[in-house]
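Naming convention: chains lettered A, B, ... in sequence-line order (proteins, then strands); numbering from 1 in each chain. These numbers come from the heavy atoms of this one structure, side chains and all, not from hydrogens, waters or symmetry mates.
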Protein chains: 2
Amino acid sequence: MTTRATLTDVARAAGVSISTASLAFSGAGPISAATKAKVLAAAADLGYSGPNPVARSLRRGRSGVIGVVVRKDLRQNFRDPVAIQTLDGVATTLGESDLGMLLVPTDDASGQAPELLRHAAMDAAILLNGAAAGAPSVRVLRDRAVPAVHVDTAVRGSVSIRVTDAAGMRAVAEHLRGLGHSAVGVVTLPWGPHVEPGPLDPARPGRSSVPYTAARWAGLLEGGVLPVAAQVARGSWVEEGIRAGHALLDAMPRPTALVGFSDLLAAGLLLAARERGLRVPQDVSIAGFDGVDLPWLGEDVLTTVTQPIQEKGRLAAAAAIALAAGERARSAVLEVELRPGTTTGPAPA
Amino acid sequence: MTTRATLTDVARAAGVSISTASLAFSGAGPISAATKAKVLAAAADLGYSGPNPVARSLRRGRSGVIGVVVRKDLRQNFRDPVAIQTLDGVATTLGESDLGMLLVPTDDASGQAPELLRHAAMDAAILLNGAAAGAPSVRVLRDRAVPAVHVDTAVRGSVSIRVTDAAGMRAVAEHLRGLGHSAVGVVTLPWGPHVEPGPLDPARPGRSSVPYTAARWAGLLEGGVLPVAAQVARGSWVEEGIRAGHALLDAMPRPTALVGFSDLLAAGLLLAARERGLRVPQDVSIAGFDGVDLPWLGEDVLTTVTQPIQEKGRLAAAAAIALAAGERARSAVLEVELRPGTTTGPAPA
DNA sequence: TACGGGGGTCGCAACGTTTCGACCGGCCTA
DNA sequence: TAGGCCGGTCGAAACGTTGCGACCCCCGTA
């Protein structure tokens with residue numbers, strides 16, 4: 001088998017120097033139209049389809065690839081519309097700069113970063129896995145001196161893109177209080193590695209080690225809502241919302257309002273309420289967080305807090321691009337907004 | 001700013017040759033424990049975190065990256081559980097070999113392949129975008145001599161991983177006929193670039209240019225079902241299923257059974273039927289295709305055809321790994337299976 | 001004592017590009 | 001007509017590895 005043609009071969013065939021041949025492809029630098037055509041013709045002749053990307057990267061000192069660190073179980077992870085929209089934002093912005101997106105599935109709970117993260121070429125990384133300061137993935141990147149952008153997590157000395165989680169949840173709390181609700185049940189996102197999913201004592205929850213979970217809980221309290229019952233979900237899944245919904249609706253006295261820390265959880269709450277024949281919002285109000293599309297929800301429009309998810313991804317990508325180019329990048333905290341729907345109403349008398 | 005340490009620096013600091021230093025990291029070749037420790041110590045001292053991946057790739061002639069070509073709009077694309085599960089399978093298998101997964105969003109309709117596909121380093125590619133033989137993405141890869149694995153599409157001279165779409169849909173048709181249904185409405189997946197979404201004449205549908213759409217339609221006919229009404233969906237989305245569901249249920253005489261070319265579409269059909277107060281399956285039977293989890297569907301268990309989606313991804317990745325290593329890989333066609341649920345029943349009298 | 005073998009180390013030549021500086025004419029301007 | 005400038009081309013030196021072959025020395029064996 002004959003090996004692939006290189007720039008040297010093309011140059012020889014075209015009767016020019018290697019430097020000139022390079023110019024014909026890179027476009028940077030002066031070259032006459034005639035020469036360029038000659039080189040391109042020779043290239044076509046030899047089946048040469050452009051400079052070897054690896055060699056180019058080595059010479060340029062840049063790989064043109066941004067690592068995107070996501071949670072290991074893509075199947076669960078990408079079932080979450082929030083993750084997908086973030087990724088979509090990232091992909092859009094990276095695409096505009098012709099940068100590659102290397103997906104790196106990571107399981108920080110395993111205690112070590114994947115081999116890939118240690119060895120793969122990348123000019124910068126975007127951490128979508130919510131890894132905190134001490135996490136393996138973060139350490140590996142630091143050791144490799146790969147600049148990192150954290151999404152939804154603040155890490156000292158790193159750029160991070162976040163939203164005002166606490167303020168958003170406070171708005172929900174105030175909204176519910178304004179409607180006269182005083183008995184509120186809550187299903188939270190995972191609380192942290194050392195807290196089991198299931199019931200949570202609202203009076204002594206301990207501090208969640210997941211930044212946005214902690215922030216959203218804090219927001220609830222700031223808004224004057226101390227839940228009468230709480231459940232910790234295994235993940236942002238509808239099934240968990242259903243399970244938690246039944247658990248919460250079993251509480252005595254029954255909560256008049258239920259809050260999900262994500263829209264998927266809230267959708268589950270809604271389904272649980274429906275299963276029990278409860279009318280929403282007459283019998284029970286339900287609110288979520290995220291503002292994602294749930295086309296299968298039917299007539300109901302979920303009261304929720306919309307966050308600019310795609311924008312978060314785009315900003316993260318833009319920051320990563322800047323860092324990859326050796327420039328500085330700034331952290332950002334984006335605003336969220338309460339969007340009242342049809343699933344919340346006055347508390348029953 | 002001081003530039004990053006290289007193997008040369010480490011070797012010098014450790015007082016050994018570059019080759020020996022390399023040995024300490026690659027592990028390939030004989031090296032005394034003492035020397036290795038010395039080199040590693042020097043490396044730690046200099047903050048050297050292992051060989052530069054790009055240089056290594058250049059030297060080795062392999063980048064350790066597999067390109068995964070997906071449809072452009074990640075947001076729509078990844079809303080589809082099928083796409084996600086496939087990707088999950090791919091990621092799992094690639095991860096086991098410590099290979100990177102470069103996500104390349106592509107819009108073949110635009111007529112040209114993304115810059116990234118032309119220029120990014122990859123040892124092989126997996127096409128999840130259903131690109132047919134002539135598509136830009138396929139051409140670019142061929143020109144670059146990047147071996148490709150096609151999923152759900154057969155391309156002459158390339159490896160492809162598919163399922164028995166026709167057989168699956170034939171099983172659905174036979175199932176429905178066995179239940180006495182003769183008036184069947186269908187919502188198909190997109191038919192091809194030059195066929196508008198919306199109503200389709202079941203008697204003269206023309207041949208779909210999307211291989212699995214064509215195969216599934218053919219399977220229906222093979223099973224003895226000539227639909228009385230048909231709708232072409234914009235994509236595998238619940239909303240489209242709902243829209244099509246209403247359109248199909250408006251047909252006179254009303255179909256007694258509805259078939260969706262995907263579970264998401266079928267779920268939409270189900271929701272449309274519910275919205276109209278129709279009982280499933282007493283008033284209308286509904287069947288889908290894919291066998292994905294739809295936890296929000298409630299009590300109903302969708303009658304569907306399960307395909308080994310994750311397995312498809314795993315096989316595709318395995319094939320890509322083989323091709324990247326210069327070995328041969330074989331195409332595969334996986335079996336699907338009818339899984340009767342609670343959404344199909346005897347045709348109303 | 002001489003010889004063979006093997007573990008460990010080292011030099012050097014790639015891998016395929018980009019880019020910097022030098023060089024060479026020809027053309028414009030003074 | 002001479003000087004300067006600029007468009008176009010070229011050589012050569014990196015970029016940071018890996019891996020082949022050579023080499024050296026020590027030990028075991030004949």
Engineer: Give me the one residue out of B:Ile309, B:Ile126, B:Val68 that meets side-chain contact (heavy atoms from CB on, under 4.5 Å) with B:Leu87.
Structural biologist: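 The side-chain contact (heavy atoms from CB on, under 4.5 Å) with B:Leu87 is passed solely by B:Val68 among B:Ile309, B:Ile126, B:Val68.
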Engineer: Rounded to the nearest Å, what distance is computed from the NE2 atom of residue A:His119 to the C1' atom of nucleotide D:dG16?
Structural biologist: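 Those two atoms, NE2 and C1', are 16 Å apart.
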Engineer: Just the table, please: protein N/O against nucleotides 22-27 of chain C N/O, every pair under 3.5 Å.
Structural biologist:
none

Engineer: Just how far, in rounded Å, is C1' of C:dG11 from CZ of B:Arg12?
Structural biologist: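 So the CZ-C1' distance, B:Arg12 to C:dG11, works out to 16 Å.
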Engineer: Can you list every pair that meets ring pair (Phe, Tyr, Trp, His ring centres under 6.0 Å) and has a residue in residues 15-69 of chain B, with sequence neighbours left out?
Structural biologist: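 Only B:Phe25-B:Tyr48 qualify under ring pair (Phe, Tyr, Trp, His ring centres under 6.0 Å).
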Engineer: Using a heavy-atom cut-off of under 4.0 Å over every strand shown, decide if B:Tyr48 touches base, sugar-phosphate, or nothing.
Structural biologist: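 Sugar-phosphate contact only.
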Engineer: Distance check needed: C:dT17 C1' versus A:Arg4 CZ, whole Å only.
Structural biologist: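 Result: 16 Å.
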Engineer: Quick one: label B:Thr6 by what it contacts on the DNA or RNA (base, sugar-phosphate, nothing), any heavy atom closer than 4.0 Å.
Structural biologist: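 Answer is sugar-phosphate: B:Thr6 comes under 4.0 Å of backbone atoms only.
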Engineer: Side chain of B:Asn52 only, please: which of C:dT17, C:dG16, D:dT17 is the nearest?
Structural biologist: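 Between C:dT17, C:dG16, D:dT17, the one nearest the side chain of B:Asn52 would be D:dT17.
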Engineer: Any side-chain heavy-atom pair from A:Leu127 and A:Thr153 closer than 4.5 angstrom?
Structural biologist: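 In short, these two side chains do not touch, never coming nearer than 4.5 Å.
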Engineer: Name the residue from B:Leu40, B:Asp45, B:Leu46 that meets the side-chain contact (heavy atoms from CB on, under 4.5 Å) definition with B:Val10.
Structural biologist: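 Per the side-chain contact (heavy atoms from CB on, under 4.5 Å) rule, the option paired with B:Val10 is B:Leu46, out of B:Leu40, B:Asp45, B:Leu46.
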Engineer: Pairs in or reaching into residues 141-152 of chain A: which pass side chain to side chain donor-acceptor pair (under 3.5 Å), with residues at least two apart or in two chains?
Structural biologist: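 Non-adjacent pairs meeting side chain to side chain donor-acceptor pair (under 3.5 Å): A:Asp152-A:Lys312.
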Engineer: Roughly how many Å is it from CZ in A:Arg62 to P in D:dG16, rounded to a whole number?
Structural biologist: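 The answer, rounded to whole Å, is 15 Å.
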Engineer: Quiz question: by atom type and distance under 3.5 Å, do the side chains of B:Ser17 and B:Thr20 form a donor-acceptor pair?
Structural biologist: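 Side-chain D/A pair, B:Ser17 to B:Thr20: present.
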Engineer: Please report, rounded to the nearest Å, how far the C1' atom of D:dG16 is from the CZ atom of B:Arg56.
Structural biologist: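 Rounding to the nearest Å, CZ of B:Arg56 and C1' of D:dG16 are 11 Å apart.
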Engineer: Can you run down the side chain to side chain donor-acceptor pair (under 3.5 Å) pairs that involve residues 87-106 of chain B, sequence neighbours left out, and say none if there aren't any?
Structural biologist: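 Passing the test, one end in residues 87-106 of chain B: B:Asp88-B:Gln310.
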Engineer: Per the side-chain contact (heavy atoms from CB on, under 4.5 Å) rule, which among B:Asp108, B:Val138, B:Val151, B:Val104 passes with B:Asn129?
Structural biologist: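 The side-chain contact (heavy atoms from CB on, under 4.5 Å) with B:Asn129 is passed solely by B:Asp108 among B:Asp108, B:Val138, B:Val151, B:Val104.
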Engineer: If only side-chain N and O atoms of B:Arg60 are considered, is one of them under 4.0 Å from the OP1 or OP2 phosphate oxygen of D:dG19?
Structural biologist: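 Answer yes for this pair, as a side-chain N or O of B:Arg60 is under 4.0 Å from OP1 or OP2.
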Engineer: Whole Å only: how far is the CG atom of B:Leu58 from the C1' atom of C:dC15?
Structural biologist: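 Rounded to whole Å, this separation is 4 Å.
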Engineer: What integer distance in Å separates B:Phe25:CZ from D:dG16:P?
Structural biologist: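 So the CZ-P distance, B:Phe25 to D:dG16, works out to 15 Å.
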Engineer: Kindly give the atom pairs (protein nitrogen or oxygen, nucleotide nitrogen or oxygen) under 3.5 Å for nucleotides 7-10 of chain D.
Structural biologist:
residue	atom	partner	partner atom	Å
D:dT9	OP1	A:Ser32	OG	3.3
D:dT9	OP1	A:Thr35	OG1	2.3
D:dT9	OP2	A:Ser32	N	3.1
D:dT9	OP2	A:Thr35	OG1	3.2
D:dC10	OP2	A:Ser17	N	3.0
D:dC10	OP2	A:Ser17	OG	3.4
D:dC10	OP2	A:Thr20	OG1	2.7

Engineer: Please enumerate all residues that pass side chain to side chain contact (heavy atoms under 4.5 Å, CB included) together with A:Ile18, with sequence neighbours excluded.
Structural biologist: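 Residues passing side chain to side chain contact (heavy atoms under 4.5 Å, CB included) with A:Ile18: A:Leu7, A:Thr8, A:Ala11.
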